[in-house]
Amino acid sequence: MLDIRLIREHSEQVIARLAARGGEAHLRIHDILDCDKERRATETKLQHLQADRKRISKEIGMRKAKGEDTSNVEAEVRALGEELTRLNEMSAHWDERQKDLLLQLPNLPHEGCPVGADAEANPEIRNWGTRPSFSFTPKSHVELGEKLGLFDFERAAKISGSAFVCFKGAGARLERALLNFLLDLHTRDHGYTEVSTPFVVRPEALVGTSQLPKFEEQLYRCDRDELYLAPTAEVPVTNLHREEIVALEELPIRYAAYTPCFRREAGSAGLGTRGLIRMHQFDKVELVKITTPETSAQELEALTQDAERVLQILGLHYRTIELCTGDIGFGSTRTYDIEVWAPGQDGYLEVSSCSSFGDFQARRMNLRFKDQDGKNRFCHTLNGSGTALPRLMVALLETYQQADGTVLLPKILQPYFGAERIG
RNA sequence: GGUGAGGUGGCUGAGUGGUCGAAAGCAGCGCUUUGCUAAAGCGCCGUACCCUUUAAAGGUACCGAGGGUUCGAAUCCCUCCCUCACCGCCA
């Protein structure tokens, strides 16, 4: 959520920054300013009237204590009541409208965020490793997985519909090996604290991290209990500290969490992504940071490095791109995507998206810290995948496949998996 | 799911219709005094919004949330949420 004062006092800059995103968000600033004007005018009127009532009521109290008759003054206050009720309703109405408008408004891209219309304009920041070469035509993970009996889409569809998978045998074991490897890496080597959170969340949590109110149709909802399935660990983990005033010494907070992620992927059904690449449920290890505004930029760089390290250790070729203003996510000020090379796809797959949200989410969840001067200020929040599991598995299977159809695992995974190869 | 207790400022905790934004203590900040590493005294010390703005000063709201009663609600009534305890059920 943007600061209404920022919008009020620097509306031209806000409009320009939002316009860089494309879309129509910047057109709503004038509505918001009108609303803000009405809201404040109403509030001022209301407050003057309340001051009158308060003053007279106190007077009644004092005069009653002396035993005086106050019936005529009481009538005077009673007369204020109707107008007071009306103004109260008006004030609440404008308040709510302003909040609705602000919640629908995306974050301002960071000044350093490259300007561009769409994904075509995303610059490559760096790349690591080289594309592996094969003496044969590399197979897709789907074919490899079928031959090796790693997963079963048909039976998963029988119980849950399309775009669900059932890992089995070595596939299930590989999934578990990867999870353990990722959590160990981030907690032991990168200094994150492991958390294991609930997977279902209340609507307030989703408002906090800005999945709601705008992206309701992407979420699975449990109507009976007003709960949603978390689309990413970002939601439960970042909201862990909602409504808190964190001590300065506790920052930065760094969390790593494994969760399954549930996404309806509305509007992208039948997009022709076979296999593990786009599913309604997938596992992910997420990295979340809560920082001061002063350190968030460097923490984003570090977070991205931490995610990249996964691919380096596994020996997988990847590139890191920065999302331009036209491609960046709703709540983000700055985002790096890490894309791993998948030989069987003959393309790169996004396995991590590392973002800084500035104080956008912190404002929504009222997450603050006390600074050196004892002032309460909003924290900055960041998160990135470290990494998504199924796509990592795709790259791994396709990169390390052998001519005989088996898959030779990288050294680091062998003890986790319990064998050096699959098949 | 049932019964009971409870939710007050950074923390502890008083306050059951009027001058209560709220006692007291702790923590924090400032000053003074004494001075072997600490104590004593005094003062300050919530948040949001509105108005104004260089600043200051003012105003309103906030005692879990939302309604209601009343001239007036932390205090009375209703609904909901959460916490704790015990019982029930259960992996």
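Just so we're on the same page: letters track the sequence lines, and every chain starts at 1.
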Donor-acceptor contacts, no H, no angles, side chain residues 308-315 of chain A, under 3.5 Å, sequence neighbours left out:
residue: A/Glu308; atom: OE1; partner: A/Arg126; partner atom: NE; Å: 3.1
residue: A/Glu308; atom: OE1; partner: A/Tyr318; partner atom: OH; Å: 2.8
residue: A/Glu308; atom: OE2; partner: A/Arg126; partner atom: NE; Å: 2.9
residue: A/Glu308; atom: OE2; partner: A/Arg126; partner atom: NH2; Å: 2.8
residue: A/Glu308; atom: OE2; partner: A/Thr320; partner atom: OG1; Å: 2.8
residue: A/Arg309; atom: NH1; partner: A/His190; partner atom: NE2; Å: 2.9
residue: A/Gln312; atom: NE2; partner: A/Tyr318; partner atom: OH; Å: 2.8

Reckon [X] has a side-chain N or O less than 4.0 Å from the OP1 or OP2 of [N]?
| X | N | answer |
| --- | --- | --- |
| A/Arg39 | B/C50 | yes |
| A/Arg202 | B/C82 | yes |
| A/Arg40 | B/C49 | no |

Which residues satisfy the ring-ring contact (aromatic ring centres under 6.0 Å, His included) test with A/Phe215, sequence neighbours excluded?
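Result, ring-ring contact (aromatic ring centres under 6.0 Å, His included) vs A/Phe215: A/Phe330.
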
Can you sort out the partners of [X] under side chain to side chain contact (heavy atoms under 4.5 Å, CB included), two or more places apart, ordered by chain and number?
| X | result |
| --- | --- |
| A/Ala20 | A/Thr325 |
| A/Arg63 | A/Glu59, A/Glu68, A/Thr70, A/Val73 |
| A/Ala119 | A/Asn122, A/Asp327 |
| A/Ala395 | A/Leu316, A/Val340 |

Mind listing the N/O atom pairs, protein and nucleotides 17-23 of chain B, below 3.5 Å?
residue: B/G18; atom: N2; partner: A/Ser57; partner atom: O; Å: 2.7

Answer yes if the ring centres of A/Phe357 and A/His110 are under 6.0 angstrom apart, and no otherwise.
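No, they do not, as the ring centres are separated by 6.0 Å or more.
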
Under a 4.0 Å heavy-atom cut-off, which of residues 80-91 of chain A touch RNA chain B?
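Those residues whose heavy atoms fall under 4.0 Å from RNA chain B, taken from residues 80-91 of chain A, amount to none.
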
Strand-adjacent residues in residues 4-14 of chain A, judged by heavy atoms under 4.0 Å from RNA chain B
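Result for residues 4-14 of chain A: A/Arg5, A/Arg8, sorted by number.
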
Reading RNA chain B from 5' onward, which residue's closest nucleotide shows up sooner: A/Ile245 or A/Ala41?
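The 5'-side residue here is A/Ile245.
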
At 4.0 Å (heavy atoms only), tell me whether A/Arg368 reaches a base, stays on the sugar-phosphate, or touches nothing.
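Since only primed, P, OP1 and OP2 atoms lie under 4.0 Å of A/Arg368, the category is sugar-phosphate.
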
Enumerate, atom names and distances included, each donor-acceptor pair closer than 3.5 Å involving a side-chain atom of residues 145-154 of chain A, sequence neighbours excluded.
residue: A/Lys147; atom: NZ; partner: A/Glu143; partner atom: OE2; Å: 3.4
residue: A/Asp152; atom: OD1; partner: A/Glu154; partner atom: N; Å: 3.1
residue: A/Asp152; atom: OD1; partner: A/Arg155; partner atom: N; Å: 2.9
residue: A/Asp152; atom: OD2; partner: A/Arg155; partner atom: NH1; Å: 2.7

Using Watson-Crick and G-U wobble pairs whose two distances are both under 3.5 Å, how do you write the pairing of RNA chain B as dot-bracket, with | for links to another strand?
((((((((.[[[..)..(.....]]].((((((.....)))))).(((((.......))))).[[[[[..)....]]]]])))))))....

Donor-acceptor pairs are to be reported for all side-chain atoms of residues 408-423 of chain A against protein atoms at under 3.5 Å, with residues two or more places apart or in another chain.
residue: A/Gln414; atom: NE2; partner: A/Leu409; partner atom: O; Å: 2.9
residue: A/Tyr416; atom: OH; partner: A/Asp184; partner atom: OD2; Å: 2.7
residue: A/Arg421; atom: NH1; partner: A/Thr406; partner atom: OG1; Å: 2.9

The side chain of A/Asn376 lies closest to which of these nucleotides: B/C71, B/U47, B/C49?
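The listed nucleotide nearest to A/Asn376's side chain is B/U47.
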
